[in-house]
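Just so we're clear, the structure is a prediction, and the values are computed from it rather than from any experiment. Chain A is the first sequence line, chain B the second, and so forth, proteins listed ahead of strands; every chain is numbered from 1. The figures that follow rest on heavy atoms only: side chains count, while hydrogens, waters and symmetry mates do not.
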Number of protein chains: 4
Amino acid sequence: MASSTTLKLKQQRSRERREQILAAATKLFGEKGIDRTSLTDIAATAKVPLSSIYDYFADKRALVLEVPEENFAALYQRTEPLLSKGSDPVEQLKITFLTNFEYISENPSWGRVFFLEIWPSVIAAEPQIKKAVDKYAMRYVQLIKQAIRAGSYRKNLDPYTAMSLMMGGMCHVTAVWLLYGRRYDLVKKGKAVFTTLDSGFSNN
Amino acid sequence: MASSTTLKLKQQRSRERREQILAAATKLFGEKGIDRTSLTDIAATAKVPLSSIYDYFADKRALVLEVPEENFAALYQRTEPLLSKGSDPVEQLKITFLTNFEYISENPSWGRVFFLEIWPSVIAAEPQIKKAVDKYAMRYVQLIKQAIRAGSYRKNLDPYTAMSLMMGGMCHVTAVWLLYGRRYDLVKKGKAVFTTLDSGFSNN
Amino acid sequence: MASSTTLKLKQQRSRERREQILAAATKLFGEKGIDRTSLTDIAATAKVPLSSIYDYFADKRALVLEVPEENFAALYQRTEPLLSKGSDPVEQLKITFLTNFEYISENPSWGRVFFLEIWPSVIAAEPQIKKAVDKYAMRYVQLIKQAIRAGSYRKNLDPYTAMSLMMGGMCHVTAVWLLYGRRYDLVKKGKAVFTTLDSGFSNN
Amino acid sequence: MASSTTLKLKQQRSRERREQILAAATKLFGEKGIDRTSLTDIAATAKVPLSSIYDYFADKRALVLEVPEENFAALYQRTEPLLSKGSDPVEQLKITFLTNFEYISENPSWGRVFFLEIWPSVIAAEPQIKKAVDKYAMRYVQLIKQAIRAGSYRKNLDPYTAMSLMMGGMCHVTAVWLLYGRRYDLVKKGKAVFTTLDSGFSNN
DNA sequence: TATGAATGAGAATTCATTCAT
DNA sequence: CATGAATGAATTCTCATTCAT
């Protein structure tokens, strides 16, 4: 009993430290860029001794790669329940798209890291990152294909081009939002982007 | 007379060296990322002594910032003559958009640097970069506004959102093209992007 | 009674662990060198928690110094019974010398540690090591002196020089054997070394 | 003229620095062992900034490997002229053997590095080191073979075993000399070793 | 007694920048 | 003007050792 409690406490502390490090990394990567952020910086921000970082991550590269991992998981967890009911592919596409805007809106650090540092960038070529991004992109491609089959979207719409427009639009709008000091409502902007694209994709 | 000739020769040599350095920087930044590229690498690639870089650029930062400068100039020089005749704003928009795809297609190093390293990224916040990018984006905004006024595009189209879709689409499509080994015709893909967006922007 | 049994079991376990650690250290020191072997490596190889090493050895230095200790003890234990009978000093010298070759042949890890890492090396200056090595060398010196007195070896033979040749020969032959992948019978080689030396030492 | 002088001065300074570093490395490697010697130590001893070491050696490994290189060259340079005249293989063997003792006697730091750290040790497996050592050992093997052919040494002498005894004897005697504070004349000891071996090798 | 977790003190290496010539 | 050489300041990573439980 006691030992089980202790273990849990320890594990709890460990998990917290890990998260502190990831949070610090996310914040600093977004602010200064991944390469300009030293582990010393991260340790200081996370209030953890530098060498302790190595208790949780094999090396800097591993830490960098876990930042998206963590956030994609959170994003999926948030999107899933909203989708379960709606069966209309266009509706599902909209929910998926806007939930991402919401997530970024609430986690701008993550937005910074992802859209200013990870995608698109040379590290997006890292298999671990590429796989995660591809998986996310494929959701869009699938939904767009369904929408075409359902007759909502034009038969001659290339689903990959359409996905590129959705991802690229999100990227640009988010980057501008971040670089200009987040002076407007990102989700509202996301809705405008969706509406414009949707009308271009539709069988008018 | 003789000295004037000498001077010219020197200036000539200087200009060449400067360009060699910028070309080497563009190439290497795109391949390895800005922070992972050392001035020693650049000097070696440009076949110029390391310390000579400091005769042309104040420091690494200055060199980094001049890389987009140089390339935007080249892009403008290429776009301008094509625009002079056409007066239809949609046509001008299309030319401007596709010329950029052509430029990237022919200078993939520059594509890499710009879309994987500079925009969007934390260094895009640098005033010098931001100004150059904004200037380019505003061309799109102006043309889109003209197209709306001319009745080609919908009255309720937000020109900024539309511009974001064009820039973001270009960014995404280019990044994927680069990250997946340039396996298809980028300009063709650019045309598909334009067509899709154009139909969404239009008064159908 | 029960507690005594428990105690014995514990002591048993303790002794086993100690030996596991020493065996792992011997193996790894020989493979990678003493300084390149971390206590973490040793713990992992010995399947013992890292911090448990400190229950058996004061620090890394102490562990390093006990590795020869342990092995000299084993070597003596093996040599003693063979000597008891033979009274001819030259015969005893031969047995002592060849038994060492046999021991190395059967424990090449130990051979590696001793001849590639400990002797000769700066750590051979450590009193604990020096004492053990000196003790072993003195056995040779004594037997050589006896052989001189018995008339088997030349009167003008310097017993220390002779011992150096035996030890040095063993060292060189073993090192070559190890560095070239143990491609021949070390004991046979040892016999050749002994024969050659013996004939140089003898009153021909 | 001036620039040529300047160049020479620079090269001169460079060569000196390089040698300072190698000398410091040799000294410290012999005193503390290669792995226990940090580049910081070497830089301090050589009175050179740490990072300047990298102007002369690619990394620590390269520096370690150049220490024997340098000294073998010096040893050969010293041995060669003495050999030119003598044609008797045994005489040549003696000169080669004793010149090495002389060299160590005058460069005990090198003796320490070579016999306490490099040979025999795990780094002796490094191709660059192995090659150099093998080359030196083969000289002995050749001369011994010649001596056998000339009838000076026994027909049934294995030249490799004989070489091992010469090298091993030198190693042991030198190591003891170093570890016991160089309290006697190493060259004299070398002569005793040679005499003893020679009588064992000979057709008495 | 046993041990998982933590950490301080280095270690090697890199690189932008300076400067003497 | 040009440049080879030099270097200080970081940076990532390792590891022996300690300690709370």
Side-chain angles (χ1 to χ4, degrees), chain A residues 2-3 5-7 9-11 13-14 17-18 35-43 48-63, chain B residues 6-7 10-11 13-14 17 35-43 48-64, chain C residues 6-7 10-11 13-14 17 35-43 48-64, chain D residues 2-3 5-7 9-11 13-14 17-18 35-43 48-63:
Chain A
S3 82
T5 308
T6 307
L7 186 61
L9 278 174
K10 271 190 182 170
Q11 289 179 339
R13 188 155 112 87
S14 271
R17 282 198 139 200
R18 217 190 115 87
D35 283 307
R36 286 179 158 85
T37 301
S38 71
L39 293 183
T40 309
D41 291 339
I42 295 173
V48 150
L50 168 59
S51 55
S52 291
I53 292 179
Y54 288 88
D55 293 338
Y56 299 93
F57 305 94
D59 52 20
K60 189 181 178 181
R61 192 170 163 275
L63 169 54
Chain B
T6 309
L7 186 63
K10 273 191 179 169
Q11 288 178 340
R13 191 158 97 94
S14 270
R17 282 199 148 191
D35 286 296
R36 288 180 155 86
T37 301
S38 70
L39 293 184
T40 307
D41 289 341
I42 295 174
V48 151
L50 167 59
S51 42
S52 292
I53 293 179
Y54 286 87
D55 295 335
Y56 301 94
F57 305 94
D59 53 20
K60 190 182 178 182
R61 193 169 163 275
L63 169 56
V64 167
Chain C
T6 309
L7 186 61
K10 272 191 179 168
Q11 288 178 338
R13 190 157 97 93
S14 270
R17 281 201 149 191
D35 286 296
R36 288 179 155 86
T37 300
S38 70
L39 292 184
T40 308
D41 289 341
I42 295 174
V48 150
L50 168 59
S51 42
S52 292
I53 293 180
Y54 286 87
D55 295 335
Y56 301 94
F57 305 94
D59 52 19
K60 190 184 178 181
R61 193 169 161 275
L63 169 55
V64 168
Chain D
S3 81
T5 308
T6 308
L7 186 60
L9 279 173
K10 272 190 182 170
Q11 287 179 340
R13 189 154 113 85
S14 271
R17 281 197 141 199
R18 216 189 115 88
D35 283 307
R36 287 180 159 86
T37 300
S38 71
L39 293 183
T40 308
D41 291 339
I42 295 173
V48 150
L50 169 57
S51 55
S52 292
I53 292 179
Y54 287 88
D55 292 338
Y56 299 93
F57 304 94
D59 52 20
K60 189 182 178 180
R61 194 171 162 274
L63 170 55

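- For D:R18 and F:dA5, the CZ to C1' distance is 15 Å, given to the nearest whole Å.
- Side-chain contact between C:L39 and C:L63 is present, with at least one heavy-atom pair separated by less than 4.5 Å.
- Within the 4.0 angstrom heavy-atom criterion, only backbone atoms of the sugar-phosphate kind lie near A:Y56; the bases stay farther away.
- With a cut-off of 3.5 Å on both Watson-Crick or G-U wobble distances, the partner of F:dA20 is given as E:dT3.
- The residue A:R17 sits close only to the backbone: its heavy atoms come under 4.0 Å of sugar-phosphate atoms, none of a base.
- Listed nucleotides E:dG4, E:dA12, F:dA16 differ in distance to C:L39; the shortest reach to its side chain belongs to F:dA16.
- More than 12 heavy atoms of other residues, nucleotides or ligands sit less than 6.0 Å from atom CZ of D:R17.
- Distance A:Y54 OH to F:dC15 C1': 13 Å, rounded to the nearest Å.
- Following rounding to the nearest Å, B:D41 (CG) and E:dT14 (C1') show an atom-to-atom distance of 11 Å.
- Distance, B:F57 CZ to E:dT17 P: 13 Å, rounded to whole Å.
- Taking atom CD1 on C:I53 and atom P on E:dA2, their separation rounds to 13 Å, with Å as the unit.
- Residue contacts for B:D55: at a heavy-atom cut-off of 4.0 Å it reaches a base atom on one of the strands shown.
- As rounded to whole Å, 10 Å separates atom P of E:dT13 from atom CG of D:L63.
- Note: CZ (B:R36) to C1' (E:dA16) measures 17 Å, nearest angstrom.
- Residues A:S52 and A:V48 share a closest heavy-atom pair of CB-CG1, 3.6 Å.
- Contact between B:D35 and A:R36 at its shortest, heavy atoms only, is OD2-NH1, 3.1 Å.
- Nearer to the 5' terminus of DNA chain E, by closest-nucleotide assignment, is the contact made by C:V48 (compared with the other of C:V48 and B:D35).
- The interatomic distance linking A:I42 (CD1) with F:dC13 (C1') rounds to 14 Å, in whole Å.
- Of the listed nucleotides (E:dA16, E:dA11, E:dG8), E:dA16 has the atom at the smallest distance from the side chain of B:S38.
- In this model, the phosphate group of F:dT3 is approached by a side-chain N or O of B:S52 to a distance below 4.0 Å at OP1 or OP2.
- Judged by Watson-Crick or G-U wobble contacts below 3.5 Å, the nucleotide E:dA9 has F:dT14 as its partner.
- Closest approach to the D:D59 side chain among E:dT7, E:dT13, F:dT14 is made by E:dT13 (side chain taken as heavy atoms from C-beta onward).
- Taking for each of D:L50 and A:S51 the nucleotide of DNA chain F with the nearest heavy atom, the 5'-most of the two is the partner of D:L50.
- Nearest heavy-atom pair, C:A62 versus C:A58, reported as atom, atom and distance to 0.1 Å: CB-N, 4.0 Å.
- Of all nucleotides present, only F:dG8 satisfies the Watson-Crick or G-U wobble test against E:dC15, with each distance under 3.5 Å.
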